[in-house]
Amino acid sequence: MAFPARASDWLILSLLVLAFVVFYTRREKRQYPPGPPSKPIIGNIFEVSPREAWLKFIDYKRQYGDILFFHGLGNSVLVLSSMKSIHDLLEKRGRKYSDRPTFTVVGELMGLDQSMALLPYGDEWRAHRKLAHAGLGPVAIKRYHSIQEDLAALLCQRLLSKPEDFFSHVRLYVCPTVYDLHMDYQWRKPIMKYTIHNKMSRLPLNKTSNQYITLAEETMSIITQATVPGAFICDLMPSLKYLPSWVPFQREASKGREMIESLASKPFEHVKREMASGQAPPSLTQTLLSSEVEDVPNFEHRVKWTAGVMYGAGGESTYATVLTFILAMALHPEKQSLAQAELDEVIGAECFPRIQHRDSLPYVNALVKETMRWHPVVPLGIARQSSEEDFYEGYHIPKGTIVMTNVWALALEENEEHDPKSFIPERFLKSAAKTTVDPSTYMFGFAKRVCPGKALAENSVFILISGILSMFNIEKDPQETLKPEFTPGLVSYPTPFKCQIVPRSSAHANVITSRAAQCSGK
Ligand code: HEM
């Protein structure tokens with residue numbers, strides 16, 4: 001065997017060995033996390049379906065494990081399906097994983113990127129979060145208890161008069177819970193005429209409805225349509241955003257921009273006027289404007305957008321949760337009776353519950369948790385984007401990777417004691433073995449970007465659900481086969497279904513009427 005004889009030969013050989021080692025080490029480091037097989041150029045990116053992707057991700061989780069990777073056409077997507085991986089990346093390495101993806105049309109062109117939910121991780125976002133904590137923190141939300149209780153009573157009143165329109169009623173009284181906090185009671189003053197919208201959940205509002213609600217619902221409709229993947233080619237080819245204003249999508253974007261700006265500005269100006277006249281009731285905007293953080297630069301702009309984002313961010317998910325509850329009750333009357341028995345015993349028969357009763361109703365709380373677990377309404381969380389490249393468990397995660405949290409997989413985690421697909425509130429009772437993770441630890445997102453409305457939402461969901469349970473029986477429509485089916489989007493709620501919502505007795509009907517009358521008198 002011939003060996004290199006001269007020093008220069010040794011040098012060349014050493015460099016070759018070094019280059020070989022570096023090449024293979026880097027190749028090793030650049031190994032992506034597992035995922036379905038990929039093809040040249042398109043990779044496996046088309047396996048990420050825009051509709052009900054969570055169902056497919058469950059199958060892939062079984063095959064490839066808790067971290068899944070999809071890539072192709074210059075995109076990469078990481079799906080995290082275990083608390084451990086979510087905690088390791090979003091919590092422990094939060095600095096790298098707290099950005100949001102860029103939405104060219106709805107964000108940049110329509111201006112929604114001024115709102116906390118889409119703001120990049122940075123100083124502006126931090127300023128909005130600080131304001132949100134001031135207005136939605138544990139002490140501040142106590143100011144809203146009576147508003148939330150009134151809205152639950154008014155929802156029951158509507159259910160009493162036209163139970164078959166429950167989709168519309170829930171929409172009308174749940175989304176504005178958030179709006180009400182933003183403004184005040186004004187939206188309820190005009191008489192609203194509305195009917196159930198056949199396919200869509202959105203309210204078909206007419207001219208007699210309140211201008212703020214009409215604006216909010218129309219704007220939400222534009223935002224929802226604009227965020228459907230593929231709605232605008234400009235989202236796939238961002239350079240198209242420089243096309244002139246007469247191009248059709250630019251005209252749509254400019255209309256959307258106007259409406260989104262009005263959604264934030266109009267209620268804000270309304271509260272300011274009320275404050276100037278000394279008559280502003282408690283609301284998020286009012287709380288923030290009268291807070292002592294006025295030395296913050298752009299204070300008014302930030303308050304306007306912090307409060308303005310809440311209708312979209314909070315209404316839809318609360319609405320979806322209450323509808324899921326109604327569906328679950330129609331399917332599980334035996335669980336409903338157990339919750340009603342507890343309500344009757346703890347707060348008294350024919351009494352309307354209050355938020356302060358929350359801690360003394362373990363079964364009702366378990367039922368609320370089970371509603372959230374049984375069908376998570378935000379099944380894949382809200383996407384993040386990695387702001388730096390990273391390596392996790394030996395895998396390479398490129399900078400700019402879209403990161404999804406597979407909440408659906410967490411909720412349907414295999415469990416030895418209880419079937420994850422069945423509706424069993426008992427799994428959350430203290431007496432049961434503590435094998436099921438509390439959904440409030442994953443339903444509202446994670447770490448730095450965890451939902452700032454969580455505490456408020458939990459109160460809303462509790463009072464709406466316990467109010468309905470205490471006053472009504474929800475029953476299957478005997479003429480229909482009730483099959484649980486849900487919409488496929490970012491926020492997923494039951495597709496239209498029929499059920500019967502009947503007062504538990506005439507005494508209960510009277511309680512509803514007199515409790516609702518107290519609200520209208522305010
Ligand atoms: C059942 C009701 C609700 C659910 C299930 C829910 C769920 C979520 C989730 C999953 C996120 C994403 C967090 C992340 O990226 O990790 C989020 C963000 C957010 N939620 Fe909620 N939410 C609810 C109600 C509310 C309410 C009532 C409000 C406002 C009053 C609200 C305001 C927000 C805002 C502003 C964000 C964006 C936070 C940010 O990007 O920094 N949510 N929510």
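Start at 1 and go down the list; that is how both ligands and their atoms are numbered.
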Practice problem: Run the numbers for me: atoms of ligand 1, each under 4.0 Å from some heavy atom of T318, listed by number. | Solution: 2 (C)
Exercise. Measure from atom 23 (C) of ligand 1 to every heavy atom in A455, G381, S317 and give the option owning the shortest one.
Key: S317
Quiz item: Has R171 got its NZ or CZ under 6.0 Å from the middle of the six-membered ring of Y319, at an angle within 45 degrees of the ring axis?
Solution: yes
Quiz item: Quick one: do the R143 and T287 side chains pair a donor with an acceptor below 3.5 Å?
Solution: yes
Quiz item: Taking the six-membered ring where the residue is Trp, are the ring centres of F70 and F57 under 6.0 Å apart?
Solution: yes
Quiz prompt | Where ligand 1 meets R129 - atom numbers and elements under 4.0 angstrom, heavy-atom basis | solution = 38 (C), 39 (C), 41 (O)
Quiz item: Quick one: does ligand 1 sit under 4.0 Å from the side chain of K448, the backbone, both or neither, non-hydrogen atoms only?
Solution: neither
Quiz item: Which ligand 1 atoms, with their elements, are less than 4.0 angstrom from a heavy-atom of A457?
Solution: 2 (C), 24 (C), 27 (C)
Self-check item: ligand 1 contacted by K454 (non-hydrogen, < 4.0 Å)
Solution: no
Quiz item: Quick one: does ligand 1 sit under 4.0 Å from the side chain of L90, the backbone, both or neither, non-hydrogen atoms only?
Solution: neither
Quiz item: Hey, are E261 and S265 close enough side-chain-wise for a donor-acceptor pair under 3.5 Å?
Solution: yes
Quiz prompt | Cation over ring face, R126 and Y121, 6.0 Å, 45° | solution = yes
Quiz item: Is the distance between the ring centroids of H71 and F69 under 6.0 Å?
Solution: yes
Practice problem: Determine whether the aromatic ring centres of F497 and F167 lie less than 6.0 Å apart. | Solution: yes
Quiz item: Looking at E149 and R354, does any basic side-chain N land under 4.0 Å from a carboxylate oxygen?
Solution: yes
Exercise. Taking only heavy atoms of W125 into account, list the atoms of ligand 1 that are under 4.0 Å away from them.
Key: 39 (C), 41 (O)
Quiz prompt | Shortest heavy-atom approach to atom 16 (O) of ligand 1 - which of M116, M443, R384 | solution = R384
Self-check item: Sub-4.0 Å atoms of ligand 1 with respect to non-hydrogen atoms of F446
Solution: 16 (O)
Quiz item: Which atoms of ligand 1 are found less than 4.0 Å from any heavy atom of T321?
Solution: 1 (C)
Quiz item: Between G314, S440, C451, which one has a non-hydrogen atom sitting closest to atom 27 (C) of ligand 1?
Solution: G314
